[in-house]
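Below is one structure, written out as structure tokens, with a few remarks after it.
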Amino acid sequence: MKRGFYTIMSAQFFSSLADNALFVAAVELMRTSGAPEWQRAALVPIFTVFYVALAPLVGAFADALPKGQVMFISNAIKVVGCVMMLFGSHPLMAYAIVGLGAAAYSPAKYGILTELLPASQLVKANGWIEGLTIASIILGIVLGGQLVGHALSSHLLALDFPFVDTGVNTPPEAAISALILVYMVAAWFNTRIPLTGVEMRPLRSNPQHGIVRNVFALLPDFWQCNSRLWRDKLGQISLATTTLFWGAGGNLKYIVLAWASLALGYNTAQASSLTGVVAIGTAVGAIVASMKMRLDMATRVIPMGIGMGLLVIGMNFIGSIWLAVPFLILLGGLGGFLVVPMNALLQHRGHNLMGAGRSIAVQNFNEQSCILVLGAFYSACTGIGLSAYSAITAFGVVVAGFMWLIKRWHQHNLKRHPEEVEHLLAIARSDKHH
């Protein structure tokens, strides 16, 4: 790998570490303030609002500036969200601002891989960056749990600054303050990311028009890119699979917290460690996939998505920590092995069809829309009075059912468009088309 790849990984690690620790801190902040269960569940979908609303803009923005600069600006926005959460804004609104930073960050983070590396290294690169991201999720969730726990929060709250009243008085507030420093470390790494030499694609704007009008001018280009990827016979399958995976995985981190509280009697700090267990399995699956899979083999992993949905339902029958740990590792492992080759195939097709930043923005729009819809679905299930067990069952049935439909869709493509599918697979095997 080129040296710049490791700088990108370092920046991604610290930014993701803070994102996941902040989620735990936000859950605890809402719990201690007496927020209802459905509002805590809404933290997951609220994070995705700007991913969906600004998808036409952030992809073009990522292609218009050097990717490292885009990532730096994005981390600064996340810090603003943290400050809002500290000083009186509703946690859901503040967390949505952090989501705005993440929405701008993601097209640059993944798009730079296709600028820096050849197609033959995309699966390996995705395996390592996903593995590192999962490691940051594990450590971030554990860090968040420790920061809101009594042992560490008592030391943070004991820190005092002469003549300054910080207004930080509770463990969740102390945790959020500490995470601002982690975002700053990520921002420093952003400044060290090298230029790739790829030509920038300026935003299509007219200085005589207002900002809103210029943003709406980007919509036709975005929807054209979106349609192009959904029409592609490999792009549509990889996009559908990763969309559903991230829709399920994004909400699973809260579902595990709710399940651990009910089935095992865990508090937020204890339950957060089980979310980390899922991430361990995902990291193992991601690394194994990066070593075993190739782009042209990616569609073979779709049945693992069906298994993932069924295992979510199986959580309802686990009541012991000794069964829960290997079960959650297996659940995460299936997801990790599924998402790495599918992500790589999707990036490859997107780069060939429309450019890195725009393709990642399309991917984010679809994936975050799915997180939003499935999160709203789960939140609504708890809001109408269903138990966590019933809501988890409904969630798992939806995931397994839609994965089965995607499998049937790909089988249909193989029968109706065999020459087109084979041509696209041939492109995936060759670097010269990159």
Side-chain angles (χ1 to χ4, degrees), residues 15-16 19 22-23 26 38-39 41-64 70-71 73-74 77-78 80-81 84 90-111 203 211-230 235-236 238-254 339 342-343 346-347 350 354-380 395 398-399 402:
S15 186
S16 179
D19 286 348
L22 182 63
F23 171 75
W38 73 265
Q39 283 193 12
L43 277 169
V44 174
I46 202 68
F47 189 78
T48 70
V49 166
F50 284 111
Y51 273 96
V52 177
L54 297 183
L57 177 62
V58 293
F61 178 61
D63 284 339
V70 174
M71 294 159 79
I73 295 170
S74 303
I77 295 172
K78 292 180 182 181
V80 171
M84 290 175 60
H90 194 286
L92 286 176
M93 183 174 70
Y95 200 57
I97 297 301
V98 178
L100 169 61
Y105 193 96
S106 189
K109 173 187 73 176
Y110 285 109
L203 288 168
I211 294 176
V212 174
R213 190 170 175 183
N214 281 322
V215 169
F216 275 102
L218 294 168
L219 287 175
D221 176 65
F222 175 78
W223 288 115
Q224 184 181 21
C225 291
N226 195 46
S227 299
R228 194 179 304 162
L229 201 49
W230 277 114
Q236 62 189 207
S238 56
L239 181 55
T241 304
T242 57
T243 292
L244 189 56
F245 168 82
W246 288 113
N251 286 283
L252 197 59
K253 65 182 181 181
Y254 180 79
V339 74
M342 280 296 183
N343 247 354
L346 181 56
Q347 289 173 21
M354 68 199 66
R358 284 169 170 79
S359 70
I360 300 300
V362 168
Q363 180 179 351
N364 281 339
F365 172 77
N366 287 278
E367 291 173 358
Q368 301 301 322
S369 294
C370 190
I371 293 176
L372 184 61
V373 170
L374 288 181
F377 171 73
Y378 182 83
S379 184
F395 189 87
V398 168
V399 172
F402 275 97

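Counting begins at 1 with the first residue of the sequence.
Ring planes of Y95 and F47: tilted class, angle from 30 to 60°.
Distance check, rounded to the nearest 0.5 Å: OH of Y105 to CD1 of I77 gives 12.5 Å. Interatomic distance, OG1 of T243 versus CG of L374, reported as 10.5 Å (0.5 Å rounding). One distance of note links CD of Q236 with CG of L346; it measures 11.5 Å at 0.5 Å rounding. Between the CE atom of M342 and the CG atom of L244 there is a distance of 11.0 Å, given to the nearest 0.5 Å.
Taking both residues in full, the closest heavy atoms of Y378 and A41 are given as CD2-CB, 4.3 Å, listed atom of the first, atom of the second, then distance. When all heavy atoms of V98 and G81 are compared, the pair lying nearest together is CG2-CA, 3.8 Å. Nearest approach of A248 to V399, heavy atoms of both residues: CB-CG2, 3.7 Å. Shortest non-hydrogen contact noted between K78 and S15 is NZ-OG, 2.8 Å. The two residues L239 and Q363 come nearest to each other via the heavy atoms CD1-CA, 4.0 Å. Annotation for N251 and I371: closest pair ND2-O, 3.2 Å, computed over non-hydrogen atoms.
Contact of the V362 side chain with the W230 side chain is not registered, since no non-hydrogen atoms from C-beta on lie closer than 4.5 Å. Counting heavy atoms from C-beta on, the side chains of L229 and C225 never come closer than 4.5 Å. Contact annotation: the side chain of N366 never approaches that of T242 to less than 4.5 Å [non-hydrogen atoms, C-beta and beyond]. At least one side-chain heavy atom of V52 sits under 4.5 Å from a side-chain heavy atom of F365.
The main-chain N or O of P45 is found under 3.5 Å from a side-chain atom of T48 such that the two form a donor-acceptor pair. At distances below 3.5 Å, at least one donor-acceptor pair connects side-chain atoms of S379 with backbone N or O atoms of W38.
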Checklist entry - Please walk me through it: do Y254 and L43 pass side-chain contact (heavy atoms from CB on, under 4.5 Å)? => result CA-CA 9 Å; Y254 180 79; L43 277 169; over 6 Å; no

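By the neighbour-count criterion of 12 heavy atoms within 6.0 Å, atom CZ of F402 is sparsely surrounded, having that number or fewer from other residues, nucleotides or ligands.
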